[in-house]
Novice: 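I'd like to ask some things about the structure below.
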Amino acid sequence: MLRFLFFLLIAYLFLSALRAYFFGRSSRRPGQRRAKGREPEEMVLDPQCGSYVPRGEAFVQDGQFFCSQECARLFLSR
């Protein structure tokens, strides 16, 4: 009986180590996928095509945010 419990303990530890290796730290919850210290970036709406773009990647023309220079050109040529 003692051997069986010892075997179960070893199997549990082995499976826990495999799970931690393949799926990351075991203390991470499913909703915690973001890296610590990194805040989500604000999304801005492109008035030409209606797509959302991270503010840091958007092109700014006349105070408007665009996903590309082509969208900015088309919108401002109206």
Side-chain angles (χ1 to χ4, degrees):
M1 180 71 178
L2 190 57
R3 278 187 190 175
F4 181 71
L5 291 176
F6 181 71
F7 175 74
L8 283 179
L9 177 66
I10 297 297
Y12 174 76
L13 292 174
F14 179 72
L15 290 175
S16 295
L18 279 178
R19 185 175 61 204
Y21 178 75
F22 285 112
F23 298 112
R25 290 190 287 162
S26 59
S27 65
R28 186 182 347 165
R29 295 185 190 113
Q32 292 179 322
R33 294 194 182 263
R34 258 187 290 136
K36 288 185 178 180
R38 223 176 139 196
E39 293 297 319
E41 193 169 357
E42 178 186 0
M43 301 293 282
V44 292
L45 178 65
D46 181 329
Q48 174 62 32
C49 65
S51 64
Y52 284 92
V53 183
R55 187 179 193 117
E57 296 177 19
F59 292 93
V60 182
Q61 290 285 140
D62 294 341
Q64 297 278 339
F65 294 97
F66 299 95
C67 65
S68 66
Q69 290 178 341
E70 180 66 21
C71 278
R73 186 185 62 77
L74 289 172
F75 184 81
L76 296 172
S77 68
R78 292 191 208 173

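These numbers come from a predicted model, not from an experiment.
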Novice: With the 4.5 Å side-chain cut-off for hydrophobic clustering, are Y21 and F23 part of the same group?
Specialist: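 Per the 4.5 Å side-chain linkage, Y21 and F23 are co-clustered.
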
Novice: Does G56 offer a backbone N or O that forms a donor-acceptor pair with the side chain of E41 under 3.5 Å?
Specialist: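 It does hold such a pair.
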
Novice: Do F66 and P47 have side-chain heavy atoms sitting under 4.5 Å apart?
Specialist: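 A side-chain contact under 4.5 Å exists here.
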
Novice: Taking the side chain as every heavy atom from C-beta outward, state whether P54 and E42 have any pair of such atoms under 4.5 Å apart.
Specialist: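 Counting from C-beta outward, P54 and E42 never come under 4.5 Å.
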
Novice: If we only count heavy atoms from C-beta on, is the F6 to L2 side-chain gap below 4.5 Å?
Specialist: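 SC-SC contact between F6 and L2 ruled out.
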
Novice: What are the two closest heavy atoms between V44 and A58, and how far apart are they?
Specialist: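 Smallest heavy-atom distance, with atoms named: CG2-CB, 3.9 Å.
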
Novice: Where do L74 and S77 come nearest, in terms of heavy atoms and distance?
Specialist: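 Shortest heavy-atom contact: O-OG, 2.9 Å.
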
Novice: What closest approach, in Å, do C49 and S51 show between heavy atoms, and which atom pair accounts for it?
Specialist: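 Of all heavy-atom pairs spanning C49 and S51, the closest is SG-OG, 3.1 Å.
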
Novice: Looking only at heavy atoms, which two atoms of V53 and C67 are closest? And how far apart?
Specialist: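 Shortest heavy-atom separation between V53 and C67 comes out as CG2-CB, 3.3 Å.
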
Novice: Please round to the nearest 0.5 Å and tell me the distance separating atom CZ of F7 and atom CZ of F14.
Specialist: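 Result: 10.5 Å between the selected atoms.
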
Novice: From I10 CD1 over to L5 CG, what is the distance, rounded to the nearest 0.5 angstrom?
Specialist: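 Going from CD1 on I10 over to CG on L5, the span is 12.0 Å.
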
Novice: D46 side chain to Q48 main-chain N or O, any donor-acceptor pair under 3.5 Å?
Specialist: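 The answer is yes, because a donor-acceptor pair under 3.5 Å joins these two groups.
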
